[in-house]
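Lettering follows sequence order; numbering is per chain, from 1.
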There are 2 protein chains.
Amino acid sequence: MHADAPQGSGEGRSFKPVPLNGICALLSDKWTVPVLWRLSLAADHRLRFSTLKKEVEGITQRMLTLTLRNLERDGLVARHYFPEVPPRVEYELTDMGIGALHALEVFNFWVHDNLHTIREHRRAYDDGRL
Amino acid sequence: MHADAPQGSGEGRSFKPVPLNGICALLSDKWTVPVLWRLSLAADHRLRFSTLKKEVEGITQRMLTLTLRNLERDGLVARHYFPEVPPRVEYELTDMGIGALHALEVFNFWVHDNLHTIREHRRAYDDGRL
DNA sequence: CTGCATCCGATCAGATACTG
DNA sequence: CAGTATCTGATCGGATGCAG
């Protein structure tokens with residue numbers, strides 16, 4: 001556990017000052033997390049393009065293609081092409097992709113726990129602004 | 001520990017399907033994490049506007065203002081105004097702000113551990129594309 | 001089925017100038 | 001010092017049409 005890391009005191013692991021920028025951009029891409037998430041729910045972490053398009057709420061074909069390209073480029077997703085007719089393509093979550101999702105779990109829980117409070121803050125703030 | 005959460009099996013905590021969207025947007029705002037981070041490094045989690053502007057690498061006045069407004073609105077940062085001449089304003093990380101940063105630690109470590117691998121994947125992918 | 005190309009409106013973010 | 005206002009180029013993302 002590294003519950004106190006921000007202070008940078010000796011915790012066995014030297015704490016690098018926000019390397020988040022750059023790679024973090026990947027996960028702020030609006031569709032990357034939903035896509036990774038949907039893949040993680042599949043039995044073998046594999047889904048076809050068309051399935052993803054259907055089941056990732058609201059994504060367009062263009063955005064799904066771009067998102068998958070970036071994820072493939074970064075090694076979070078593997079692309080499997082089957083030259084049949086009609087063609088079939090499956091996308092598979094790699095081990096690193098699974099790791100990324102796991103690394104976001106704690107944050108996910110935090111959001112879940114604090115969503116209500118944040119919403120209230122927003123309402124209070126907006127009320128004072130009218 | 002909830003190392004297996006994505007499958008949604010009973011782990012004591014019901015796993016909500018990606019509530020990340022919406023609030024997650026906050027933290028994908030490019031400047032929010034750097035600003036929160038810089039505040040967390042201050043002795044009492046407080047810094048003046050001008051200090052932040054100087055020490056958050058590359059941020060413009062406009063973006064700093066907007067970022068701080070959003071963080072204040074969400075309750076992650078508190079604004080303290082001192083009506084002196086010249087005016088002074090301090091921004092303080094709230095407990096919730098500290099919590100948000102902690103919730104991102106695991107991801108931060110993941111990025112640190114995988115940055116090199118991701119870069120290599122990118123290079124390999126880009127080479128194949130020329 | 002999968003995916004690329006194009007057009008186009010909406011939003012983002014930098015630079016600059018001005019105020020209490 | 002700590003903002004606000006405006007202008008503007010860049011990027012994002014949706015819609016549509018076409019191709020292997």
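In this structure, Lys30(A) places its NZ atom 18 Å from P of dT11(D), rounding to the nearest Å. Rounded to a whole Å, the CG atom of Asp29(B) is 8 Å from the P atom of dC12(C). Note: CD1 (Ile59(A)) to C1' (dC12(D)) measures 14 Å, nearest angstrom. Rounded to an integer number of Å, the gap from CZ of Arg48(B) to P of dG3(D) is 10 Å. The NZ atom of Lys53(A) sits 10 Å away from the P atom of dC1(C) (whole-angstrom rounding). The distance from atom CZ of Phe49(A) to atom C1' of dC4(C) is 11 Å, rounded to the nearest whole Å. Atom CG in Leu52(A) sits about 14 Å away from atom C1' in dG3(C), given to the nearest Å.
Of the residues in residues 60-81 of chain B, those with a non-hydrogen atom less than 4.0 angstrom from any atom of DNA chain C are Thr60(B), Arg62(B), Met63(B).
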Show me the side-chain donor-acceptor pairs of residues 48-59 of chain B shorter than 3.5 Å, one per line, residues at least two apart or across chains.
from     : atom 1 : to       : atom 2 : distance (Å)
Glu55(B) : OE1    : Arg38(B) : NE     : 2.7
Glu55(B) : OE1    : Arg38(B) : NH2    : 2.3

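In this structure, Tyr91(A) reaches the dG3(C) phosphate: one of its side-chain N or O atoms is under 4.0 Å from OP1 or OP2.
Nucleic acid contact for Phe82(B): none, since no nucleic acid atom lies under 4.0 Å from a heavy atom of the residue.
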> Taking it one step at a time, do Arg73(A) and Asp126(B) satisfy side chain to side chain contact (heavy atoms under 4.5 Å, CB included)?
Replying inline: CA-CA 8 Å; Arg73(A) 190 168 98 104; Asp126(B) 292 345; 2.5 Å; yes

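Aromatic ring pairs are classed by plane angle as parallel below 30°, tilted from 30° to 60° and perpendicular above 60°; the pair His80(B) and Phe82(B) is tilted.
Taking a cutoff of 4.0 Å between a charged side-chain nitrogen and a carboxylate oxygen, Glu90(B) and Arg88(B) qualify as a salt bridge.
Of the possible donor and acceptor atoms, none in the side chain of Asn108(B) sits under 3.5 Å from a partner among the backbone N and O of Leu104(B).
Heavy-atom minimum distance, Thr94(B) versus Ala78(B): CG2-N, 3.7 Å.
Among dG3(C), dC1(C), dG14(D), the nucleotide with an atom closest to any side-chain atom of Pro87(A) is dC1(C).
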